[in-house]
Number of protein chains: 2
Amino acid sequence: MKRTNGTAERKNRTTILDIARRAEVAPSTVSNALSGRRYVDPQIAERIRKVAAEEGYVPNSIARGLRSGKANAIGLLSSMPFGVAGGSSRLGFMMELAAAAAAYALQRGLALLLVPPMEAGRPPLQNFMLDGALVVEPFAGDPFIQQLVDYALPVVTIGKQPGGDDIPFIDLRSRETAELVFYHLIESGAQRIALMIGKSRRTSYIETQVIYIERMKQLGALPAIVEIAEEGGEQAGYEATRELLAKEKNIDAIFSFVDAFATGTCRAIRDAGLGVPEDIRVATRYDGPRARDNDPPITAVDLGLSDVAESAVKLLIDSIDGRQPGKKSLLAPPPRLVVRGSSS
Amino acid sequence: MKRTNGTAERKNRTTILDIARRAEVAPSTVSNALSGRRYVDPQIAERIRKVAAEEGYVPNSIARGLRSGKANAIGLLSSMPFGVAGGSSRLGFMMELAAAAAAYALQRGLALLLVPPMEAGRPPLQNFMLDGALVVEPFAGDPFIQQLVDYALPVVTIGKQPGGDDIPFIDLRSRETAELVFYHLIESGAQRIALMIGKSRRTSYIETQVIYIERMKQLGALPAIVEIAEEGGEQAGYEATRELLAKEKNIDAIFSFVDAFATGTCRAIRDAGLGVPEDIRVATRYDGPRARDNDPPITAVDLGLSDVAESAVKLLIDSIDGRQPGKKSLLAPPPRLVVRGSSS
DNA sequence: CTGAAAGCGCTTACAG
DNA sequence: CTGAAAGCGCTTACAG
């Protein structure tokens with residue numbers, strides 16, 4: 001009896017050697033016959049296939065991977081903290097990307113490995129077999145990116161990493177997104193718009209702030225920017241909004257960028273005895289379940305995440321295959337405003 | 001110069017042999033020093049760690065996996081067709097399970113591999129490195145399960161596979177779920193309830209039908225069961241409902257089991273000139289975005305999927321580790337009815 | 001306590 | 001056209 005290979009259930013699996021012995025050929029011939037990579041005498045090939053079928057032979061993908069240097073898998077990572085990326089229903093930005101990325105990756109023969117943010121510490125990437133990774137909205141100096149670069153793994157980021165000039169990315173068009181939102185809020189009558197945004201240095205935050213400040217200057221209005229630690233999630237959005245309303249009396253619109261903040265913002269406005277949208281209009285970026293399910297539903301932006309995910313996987317596959325893509329970045333589809341009760 | 005190993009980006013990575021040479025010890029000593037698996041003279045261990053750090057050594061997880069027989073990854077598979085599992089926003093049952101399973105698996109040092117249903121053909125499971133898999137609501141004779149069993153991979157199903165008596169599973173308590181829904185519909189005044197359900201032989205469908213028939217008998221009402229091919233998604237739900245309403249005139253409630261069907265059901269009722277819930281009450285099983293975002297929002301059941309996912313991963317890890325768990329199945333949390341506008 | 005060897009199961013050059 | 005050998009990069013017994 002052969003030794004087991006550690007996993008009780010998988011002991012004694014038929015190997016290519018077993019097939020070779022029974023079919024009386026060399027192991028390499030079995031390999032070639034089964035993979036079709038090289039010509040093998042049709043009669044012999046047929047015999048090999050028959051034996052393999054009889055023995056229930058299944059190739060060991062890890063052994064194959066060691067030789068070929070491919071894991072046939074890519075990771076999807078996010079350093080966005082749990083209060084935001086996850087939350088009670090956990091059906092947000094990252095999972096929408098995950099679903100689309102997984103579907104497309106599978107079409108290309110790759111599995112998608114889901115690496116959610118960890119509550120504490122870094123995920124044990126060491127242990128995972130990956131050919132590359134997608135990173136969702138990394139911030140400047142994101143340790144995730146650093147770790148992947150250390151592992152010499154190809155990376156594509158969804159949303160450029162600030163300063164990550166050598167890393168291929170999908171341009172989420174955050175400037176345009178911000179333009180859309182501010183234009184809408186102003187057009188619907190807002191005079192004094194506040195911006196509530198995450199603290200970390202992610203490109204979407206940075207670009208939104210730039211546009212916000214420009215607009216406020218044009219409008220001759222004083223900017224009111226509140227930066228929130230993302231870990232706080234909805235509760236932090238709530239508290240920040242209460243404070244803001246206590247200090248600034250003439251706010252009549254809030255772009256509460258992160259959807260988790262935005263639901264907190266709505267709650268805070270109501271608790272302050274004010275109405276959404278009558279007294280204060282609210283908008284958020286990601287048009288996910290959180291925005292849609294809120295009462296009232298929150299105006300948001302359709303970012304075309306299915307297309308984003310697909311482009312990202314494409315770029316990553318190019319990078320894994322060592323193809324130097326003409327462009328190191330791809331554009332997301334144009335953002336589309338979805339107006340809802342929170343602002344009209 | 002060393003040969004590359006196939007992936008352009010990962011050529012010439014430092015190996016344990018490089019470290020061994022530079023630190024003037026045996027490769028096995030490097031392995032032991034770095035893993036801490038065996039005692040190594042502290043001075044030597046320190047030297048090894050220093051060299052490894054300098055060289056930027058990262059262990060090759062595939063090589064490690066070949067030797068140890070572990071991929072440190074589990075799969076999440078669903079044979080539910082795309083119209084149902086996916087759909088435009090793709091944020092459904094499977095993704096909610098995925099998010100929770102991934103988070104818990106990561107805590108246990110495992111990655112979660114997302115294997116969505118393929119449009120055509122079977123996914124290339126051969127190529128994926130897995131220690132086991134979770135299968136979502138398999139039907140009788142599900143080829144996914146067959147494939148996994150052929151690969152001798154441990155499997156846990158979320159929802160028992162009909163006839164799958166040897167496969168550990170999470171009991172989704174579909175009988176109780178059905179009881180809750182029918183009790184609610186009857187209590188809210190329904191006299192003639194129709195059941196609209198998928199065609200394949202999944203446990204949740206089977207159990208729901210059993211309860212439905214019992215209830216109708218008690219009520220002295222004629223059962224009206226419509227079985228729909230799942231691939232049809234919302235459109236099939238729409239068409240089936242139109243046909244049903246054309247044939248049966250006194251239907252005043254529909255349990256449209258699959259959420260994709262249920263939104264079609266609501267649309268069909270309206271197109272027939274009737275109102276939800278005034279003329280016909282509607283309920284569905286999975287309390288996801290689809291049910292919540294519908295107009296009117298659809299009464300549904302909270303199945304506690306986070307707990308379900310966690311239990312499933314636990315059971316799977318037991319099975320992978322060869323531990324014979326006391327129980328081969330675990331119970332989902334009690335289903336909880338979420339009453340919404342579609343039925344009240 | 002540590003080293004040298006064998007081996008995980010394939011695939012890839014190298015011979016013939 | 002096919003076989004025998006080497007090798008992917010680790011870890012696991014086996015020696016000492």
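Letters go in sequence order (proteins before strands), and every chain restarts at 1.
Enclosure of atom CD in A:E24 is not indicated, since only 12 or fewer non-hydrogen atoms of other residues, nucleotides or ligands lie within 6.0 angstrom. Remark: A:R201 CZ is loosely packed, at most 12 non-hydrogen atoms of other residues, nucleotides or ligands lying under 6.0 Å away.
In this entry the distance linking CG of B:D18 with P of D:dC8 reads 11 Å, nearest Å. Between B:L66 atom CG and C:dC10 atom P there is a gap of 9 Å when expressed in whole angstrom units. One interatomic measurement links the two molecules: CG of B:L34 to C1' of D:dG9, which rounds to 13 Å at whole-angstrom precision. Atom CD1 of B:I48 is separated from atom P of D:dT11 by 13 Å (rounded to the nearest Å). If you measure from atom CD1 of A:I19 to atom C1' of C:dC10, you get 13 Å, rounded to the nearest angstrom. Residue B:R64 contributes atom CZ, which lies 18 Å from atom P of C:dG9 at whole-angstrom precision. Distance B:I62 CD1 to C:dG7 P: 23 Å, rounded to the nearest Å. One interatomic measurement links the two molecules: CG of A:N32 to P of C:dT11, which rounds to 8 Å at whole-angstrom precision.
In summary, of the residues considered (B:V155, B:V115, B:I145, B:L114), a side-chain contact (heavy atoms from CB on, under 4.5 Å) with B:L77 occurs for B:V115 alone. The only option from B:L130, B:L316, B:I74 that meets the side-chain contact (heavy atoms from CB on, under 4.5 Å) definition with B:P154 turns out to be B:L316.
Shown here for A:A23 and A:I48, the closest heavy-atom pair between the two residues is CB-CG1, 4.1 Å. Contact detail for B:T15 and B:Y57: the closest heavy-atom pair is C-CE1, 3.7 Å.
Of the possible polar contacts, one joining the B:Q161 side chain to the B:F139 backbone as a donor-acceptor pair under 3.5 Å is found. A distance-only check finds no donor-acceptor pair linking the side chain of B:S311 to the backbone of B:L330 [under 3.5 Å].
Look at A:S31 and you won't find any side-chain N or O under 4.0 angstrom from OP1 or OP2 of C:dC10. The shortest distance between the side-chain N/O atoms of A:R37 and the OP1/OP2 oxygens of C:dT12 is below 4.0 Å.
Among the nucleotides D:dT2, D:dG9, C:dT11, the one closest to any side-chain atom of A:D41 is D:dT2. Taking the side chain of B:Y57 as heavy atoms from C-beta on, and the options D:dG9, D:dC10, C:dC10, the nearest nucleotide is D:dC10.
Helical stems in DNA chain D, defined as runs of 3 or more consecutive Watson-Crick or G-U wobble pairs with donor-acceptor distances under 3.5 Å: C:1-3 with D:14-16, C:5-12 with D:5-12, C:14-16 with D:1-3.
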Could I get a table of every N or O pair under 3.5 Å where one atom is in the protein and the other is in nucleotides 3-6 of chain D?
from: D:dG3; atom 1: OP2; to: A:T29; atom 2: OG1; distance (Å): 2.3
from: D:dG3; atom 1: N7; to: A:R38; atom 2: NH2; distance (Å): 3.4
from: D:dG3; atom 1: O6; to: A:R38; atom 2: NH1; distance (Å): 3.2
from: D:dG3; atom 1: O6; to: A:R38; atom 2: NH2; distance (Å): 3.2
from: D:dA4; atom 1: N6; to: A:S28; atom 2: OG; distance (Å): 2.9

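Partners of B:E137 according to the side-chain hydrogen bond (donor to acceptor under 3.5 Å, both in side chains) rule, which considers only residues two or more places apart in sequence or in another chain, are B:S204, B:R285.
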